[in-house]
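Structure first, commentary second.
Atom set for the values below is all heavy atoms of this structure, side chains included, hydrogens, waters and symmetry mates excluded. Note that the numbering runs from 1 along the sequence shown for the chain. Both ligands and their constituent atoms are indexed starting at 1 by order of listing.
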Amino acid sequence: MVKLIGFKKVKTAVFVSGKGSNLKSLIKFSKTRKSPISIDLIISDNYKAEGLKYSKLNKIKKKVFNFKKKYKVENKILHILKNYDIRLICLAGFMKILSKNFLIKFKGKILNIHPSLLPKYKGLNTHKRALDNNEKYSGCTVHFVNSKLDSGKIILQKKVKIKKNETKSSLAKKILAQEHKLYPKAILNIFNL
Ligand code: GRF
C-alpha cells in the first residue's frame, strides 16, 4: 500500500513510449476529486511518442531521454524524479526495461499495465498469442513492477471475452478500452480507497 500524506495528492510520473492513451486516461482521473495522485511529470524514451502531446495539452512537464546509455540515463531520471518530489511511477506503454538499480530506488512504487491476463502472455504480441492459442478470454492486468518482466504482484485484472471472429486489432481495441478504466481503479486500490 502506498501511503497518503495528509490530503495532498501523491506526485506521480507516467512513463510512455507510444500513443499514450493510458496516460490520457490517467491524467483525466488525476484531475478528479477522488484521485489520490496528481500527474506531475511525463517521461519518455521516444522523441516521437504521440503521448508526449498530453504534456502541452495539460501543462505537465515532459522529459525525453535516449536510453542507449541506460545506467547513466536512469541515474539522471532518478535525480529529476527526486527534484519533482515524485513518489509513484506509472508505466503506460513504456517499452524499456528498468534496471534493478532503478527499481530498488522506487521499490513498491512502480506500476505497469499489461494487455493480457498475467501470468499468461508476458512480453510482446499478447493478442496474437492469445488468438493463436484459441483462448476464450483475454484481458489486462495492472501489477507492481519487479526485476522480472511482467511478473510483479498483480493488483487488478479485467477479463474480456474473445469472440469467434475476433481479430488482433478488434481484441486490442476492446482490451485497451478496459485498460483505461482498470488503471485508475488499481491506483485507488493501492491507496486502499
Ligand atoms: C497498452 O496496451 C499497454 O497495456 C501496453 O502498451 C499499450 C500502450 O498503449 N503496455 P497506450 O500508449 O497507453 O495507448
Task: Check: Thr141 side chain, Gln157 main-chain N or O, donor-acceptor pair, under 3.5 Å - done: no

TODO: Measure the spacing between NE2 of His180 and CG of Leu26 and express it to the nearest 0.5 Å.
DONE: 9.0 Å

- [ ] Please check if the side chain of Asn133 supplies one atom and the backbone of Glu135 the other of a donor-acceptor pair under 3.5 Å.
- [x] no

TODO: May I ask you to decide if Ile97's main-chain N or O and Lys70's side chain share a donor-acceptor pair within less than 3.5 Å?
DONE: yes

TODO: Examine distances only and state if a side-chain atom of Ser116 and a backbone atom of His114 form a donor-acceptor pair shorter than 3.5 Å.
DONE: no

- [ ] Might you work through the side-chain hydrogen bond (donor to acceptor under 3.5 Å, both in side chains) test for Lys185 and Asn189, ending with a clear yes or no?
- [x] CA-CA 6 Å; Lys185 269 193 197 161; Asn189 186 302; over 6 Å; no

Open item on the list: Counting only heavy atoms and a distance below 4.0 Å, can you name the residues contacting ligand 1?
Closed with: Lys19, Gly20, Ser21, Asn22, Gly93, Ile113, His114, Pro115, Leu176, Glu179

